[in-house]
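Have a look at the structure below, then the notes.
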Amino acid sequence: MSFVQRTHWCGEIRRGHVGEEVTLNGWVHRIRDLGGLFFVDLRDRTGLVQLMLAPEVKGQMDLRSETVLSVTGIVEPRASANVNAKLPTGEVEVKATGLTVLNDCGVLPFPVSDEDQMLRVNEELRVKHRYLDLRRPSMYKRLALRAAAVGKLRRYLDERGFVEVETPIFTKSTPEGARDYLVPYRLEPGHFYALPQSPQQYKQLLMVAGVERYYQIAKCFRDEAQRADRQPEFTQLDLEMSFVTQEDVLSLVEGMTLSVVNELIEEFSLEKDPVAPFTRLSYDESMRLYGNDKPDLRFGLPLFDVTEAVAGSGFGVFRSAVEAGGKVRGVRYPGGGSLSRKEVGEVEEFCKGFGAKGMAWVSVGTEAVEGAVDLGDGRFLRGSAAKALSPDEAKAILAAAAAEPGDLVCLVADSWAVTCDVLSRLRLHVGDRCGLRDRRKLHFAFVLDFPLVDWNEEEQRWDPTHHPFTSPKFEDLVYLDTDPGRIRADCYDVVCNGVEWASGSIRIHRPDVQARMFQLIGVGEEEQRSRFGHILDAFSFGAPPHGGIAPGIDRMIMFLTDDENIREVIAFPKLGGGFDPMMEAPSDIDARQWDEMGLMVRPAPVKA
RNA sequence: GAGGGUGUAGCUCAGUCGGUUAGAGCGUCGGCCUGUCACGCCGAAGGUCGCGGGUUCGAGCCCCGUCAUCCUCGCCA
């Protein structure tokens with residue numbers, strides 16, 4: 001079928017086009033039928049323009065939402081009273097002279113033209129009819145933003161001598177980390193390919209291959225439970241460099257991020273402040289000040305530690321925690337002193353929900369209200385711990401917390417790990433409640449010097465924190481036999497606003513160091529051969545020193561769009577169980593395919 | 001694997017203490033309307049109250065089970 005093709009885009013028609021004949025192609029966004037006059041907002045991917053159809057032009061044609069049109073007409077100015085200030089094209093309209101319906105549209109499953117209502121429409125329905133959902137300008141903008149982001153990343157790296165290399169999707173299972181997605185191998189039933197959880201080994205092999213600077217926009221596959229920010233397949237900017245130090249990798253990724261993100265903020269008019277150079281902090285600092293390895297640095301409220309000050313306290317909860325080798329740490333809740341008992345109870349319940357045995361609290365005021373303890377310096381203390389603490393202890397806590405009158409000071413006494421976990425979450429919770437997590441800010445930071453290994457209590461062994469090829473810091477190798485937990489790695493994360501964005505490391509390139517690493521994490525020679533033989537072989541042929549990093553593309557877009565759900569930034573996402581309601585995948589296969597693959601399904605085990 | 005929320009018209013939701021024929025807005029269909037832009041006005045159609053079982057004289061509502069979905073914990077080197 002032939003049709004008249006567009007001479008202009010809907011969204012670009014302006015006063016300057018008045019008098020011109022234009023042809024537009026697009027979808028009917030919305031209709032206003034006044035009987036003798038018929039208005040259509042015509043939409044293409046660039047925007048909307050109003051068409052005015054006289055009765056003789058419109059005729060008996062059946063126009064409804066999402067009908068596909070080719071329209072020819074004259075651009076006319078609107079009378080000042082009729083200007084629509086909400087539209088960039090609102091000063092003009094196109095008076096149609098010719099109109100062709102290119103395709104009709106059925107009754108829609110949801111209101112495509114109403115962005116407000118679409119915010120509440122059931123997700124499953126949106127994903128099932130994704131091709132309609134993506135017609136919305138806000139969704140198209142996400143696709144365009146993502147494409148621009150990937151394009152800029154590629155350009156940035158191309159200009160710096162990186163080579164984009166594709167690595168296989170059909171690869172080998174490495175039973176570690178996440179569950180693999182498996183693909184049956186027809187020629188040898190019982191053998192399977194695995195889809196890559198990341199191209200980690202390939203990129204290191206490319207360094208052995210002398211590529212020196214590699215990157216890839218890489219799909220990664222992990223068969224694990226879903227979360228708001230996790231999909232079974234997701235995209236990373238995977239990159240690796242040879243003959244580099246940690247500093248080289250960091251400065252590259254920082255420069256790239258600043259350049260690309262700031263250009264996107266500008267070009268897409270995103271409601272974000274320009275991104276500043278990255279903050280740097282060590283893993284230890286991060287745990288001490290924020291309780292986790294992905295701090296939200298948009299606000300302060302660092303955790304504080306009063307273990308020393310309350311070690312001999314009359315407050316039994318604190319004393320016994322310290323005697324058991326634990327810590328007493330806390331976080332300040334600005335203005336929390338005005339919370340009711342019930343509200344403070346809710347904060348305590350929040351803490352208990354993450355494993356705290358309880359939460360002690362004090363609040364400080366300047367008036368001698370009933371039940372308050374006089375600190376003798378014009379300040380008065382209330383709270384669950386107020387009476388049990390000595391004035392010196394109380395003052396030490398207030399000083400450590402930097403508490404001002406009116407603040408609530410929340411304290412948790414427990415093991416180091418529990419205080420970190422509970423207080424890091426409480427800090428974010430307080431940040432939310434106090435409105436400190438500013439949507440305009442993107443605060444990027446490097447977290448450095450992660451431990452090389454951590455102790456796996458269940459298995460009674462050391463596990464790699466990152467992966468077995470991560471290089472230890474040379475100067476820390478002296479702890480290898482005496483205190484492996486103290487060895488730091490040349491390993492780094494980029495975090496943004498409390499979310500892990502990128503993770504990378506300098507890799508081990510010396511066989512003797514690699515052998516000691518395997519020894520430390522309890523991987524014997526036989527297991528090394530079977531699981532890592534190919535890469536160890538490769539390293540024996542002159543592997544250069546190398547390292548890399550892999551930022552998440554989906555999350556990068558989420559930062560920029562303020563989406564809290566990763567589905568919003570993926571064209572065709574899957575639902576919670578990994579199900580795609582549009583394609584109806586995964587699906588059964590036909591009998592012949594079962595047969596060809598040499599597969600059968602075992603009956604489900606009977607539940608106990 | 002565990003916990004919580006949701007499930008009523010095409011969409012978004014209301015539905016009182018368990019009690020008459022399950023409602024509203026939007027959309028759809030029909031009619032009217034020459035300056036609308038969330039057009040307006042009049043009218044109509046449209047329901048397996050997720051599914052199965054139970055309690056009850058009577059269940060959208062209570063109970064048990066189940067399915068789907070969302071969020072969280074665990075998990076994700």
Side-chain angles (χ1 to χ4, degrees), chain A residues 29-42 48-56 58 62 64-66 76 78-87 89-91 93 95 105-129 132-133 174-180 197-198 200-201 220-232 234 350 352-355 421 425 450 452-454 456 459 462-470 489 491 500 503 505 517 521 523 531-532 550 552 564-565 567 574-577 579 581 607:
Chain A
H29 188 70
R30 209 167 267 171
I31 287 168
R32 290 171 296 279
D33 181 357
L34 275 61
L37 266 186
F38 198 89
F39 294 100
V40 170
D41 290 332
L42 190 70
L48 299 178
V49 68
Q50 175 165 279
L51 307 178
M52 203 277 278
L53 309 186
E56 59 276 17
K58 197 252 174 187
D62 186 25
R64 29 203 327 227
S65 287
E66 302 305 316
E76 298 199 330
R78 296 204 204 181
S80 60
N82 293 334
V83 166
N84 184 349
K86 290 182 208 158
L87 288 182
T89 60
E91 291 190 13
E93 64 189 4
K95 186 177 183 182
C105 179
V107 176
L108 296 165
F110 45 70
V112 175
S113 68
D114 190 326
E115 293 275 8
D116 288 341
Q117 283 194 52
M118 286 304 297
L119 293 176
R120 291 189 299 275
V121 169
N122 182 284
E123 286 244 14
E124 187 180 358
L125 203 64
R126 287 178 54 203
V127 174
K128 183 176 169 64
H129 301 279
L132 287 175
D133 194 33
T174 52
E176 194 172 12
R179 261 187 301 274
D180 288 317
Q197 294 180 24
S198 79
Q200 181 61 39
Q201 295 195 22
C220 304
F221 306 88
R222 293 179 194 175
D223 184 5
E224 288 295 337
Q226 308 265 287
R227 279 300 171 74
D229 60 354
R230 295 205 306 243
Q231 279 273 297
F234 61 97
F350 177 91
K352 285 181 175 174
F354 294 106
D421 191 33
R425 294 175 195 271
F450 280 78
L452 182 70
V453 288
D454 33 53
N456 183 331
E459 308 278 339
W462 294 99
D463 282 343
T465 304
H466 190 52
H467 60 59
F469 306 108
T470 301
C491 182
E500 181 190 319
S503 190
S505 62
M517 177 66 182
I521 63 175
V523 176
R531 281 170 56 186
F532 304 112
E564 294 194 349
N565 198 299
R567 285 185 296 270
K574 290 176 174 54
L575 300 179
F579 180 67
K607 279 186 188 173

Using a 4.0 Å heavy-atom cut-off, does [X] contact any base of the nucleic acid, only the sugar-phosphate backbone, or nothing at all?
{"X": "A228(A)", "result": "sugar-phosphate"}
{"X": "T470(A)", "result": "nothing"}
{"X": "R30(A)", "result": "sugar-phosphate"}

Of the options [options], whose atoms approach the side-chain atoms of [X] most closely?
{"X": "E93(A)", "options": "rU36(B), rU34(B), rA77(B)", "result": "rU36(B)"}
{"X": "A178(A)", "options": "rA77(B), rG35(B), rG74(B)", "result": "rA77(B)"}
{"X": "L34(A)", "options": "rG35(B), rC71(B), rA77(B)", "result": "rG35(B)"}
{"X": "M52(A)", "options": "rC76(B), rG35(B), rC71(B)", "result": "rG35(B)"}
{"X": "Q197(A)", "options": "rC75(B), rC71(B), rA77(B)", "result": "rA77(B)"}
{"X": "R230(A)", "options": "rC33(B), rG74(B), rU36(B)", "result": "rG74(B)"}

Do R567(A) and rC70(B) have a side chain to base donor-acceptor pair shorter than 3.5 Å?
-> no

Donor-acceptor pair under 3.5 Å, R64(A) side chain vs rG27(B) base | no

Any luck finding a side-chain donor-acceptor pair between Q50(A) and R32(A) under 3.5 Å?
-> yes

Send over the distance from [X] [atom1] to [N] [atom2], rounded to a whole Å.
{"X": "Q200(A)", "N": "rC76(B)", "atom1": "CD", "atom2": "P", "result": "17 Å"}
{"X": "H466(A)", "N": "rC76(B)", "atom1": "NE2", "atom2": "C1'", "result": "14 Å"}
{"X": "D41(A)", "N": "rC39(B)", "atom1": "CG", "atom2": "P", "result": "7 Å"}

Between [X] and [N], is there a contact of a side-chain N or O with OP1 or OP2 at under 4.0 Å?
{"X": "R32(A)", "N": "rC39(B)", "value": "yes"}
{"X": "R222(A)", "N": "rA77(B)", "value": "yes"}
{"X": "R425(A)", "N": "rC73(B)", "value": "yes"}

ring-ring contact (aromatic ring centres under 6.0 Å, His included) partners of F354(A), counting only residues at least two apart | F350(A)

Review item, nucleotides 65-68 of chain B N/O atoms under 3.5 Å of protein N/O:
unit_1: rA68(B); atom_1: O2'; unit_2: E124(A); atom_2: OE1; d: 3.3

Expressed in whole Å, how much space separates the P atoms belonging to rA45(B) and rG25(B)?
-> 15 Å

Output all residues satisfying salt bridge (Lys or Arg N to Asp or Glu O under 4.0 Å) with D421(A), sequence neighbours left out; order by chain, then residue number.
-> R425(A)

Report the C-alpha distance between E66(A) and L108(A) in whole Å, list the side-chain angles of each, state the deciding distance to 0.1 Å, and finish with yes or no for side-chain contact (heavy atoms from CB on, under 4.5 Å).
-> CA-CA 9 Å; E66(A) 302 305 316; L108(A) 296 165; 3.7 Å; yes

Once you round to the nearest 0.5 Å, how far does CG of L53(A) lie from NZ of K95(A)?
-> 11.0 Å

Interatomic spacing from CG in L125(A) to CZ in F110(A) - rounded to 0.5 Å = 6.0 Å

Partner residues of N456(A) under the side chain to side chain donor-acceptor pair (under 3.5 Å) criterion, sequence neighbours left out = D463(A)

Just need the stems in RNA chain B: three or more back-to-back Watson-Crick or G-U pairs, each with both distances under 3.5 angstrom, sorted by first number.
-> B:1-7 with B:67-73, B:10-13 with B:23-26, B:28-32 with B:40-44, B:50-54 with B:62-66

What's the verdict on salt bridge (Lys or Arg N to Asp or Glu O under 4.0 Å) for E123(A) and R567(A), showing C-alpha distance, side-chain angles and the deciding distance?
-> CA-CA 9 Å; E123(A) 286 244 14; R567(A) 285 185 296 270; 2.8 Å; yes

Working for side-chain contact (heavy atoms from CB on, under 4.5 Å), residues R222(A) and D180(A) | CA-CA 6 Å; R222(A) 293 179 194 175; D180(A) 288 317; over 6 Å; no

Using a 4.0 Å heavy-atom cut-off, write out nucleotides 2-13 of chain B from 5' to 3' as B (base contacted by protein), S (sugar-phosphate only) or - (no contact).
-> --------SSS-

Pick the nucleotide of RNA chain B nearest each of D62(A) and P55(A); which residue has the one closer to the 5' end?
-> D62(A)

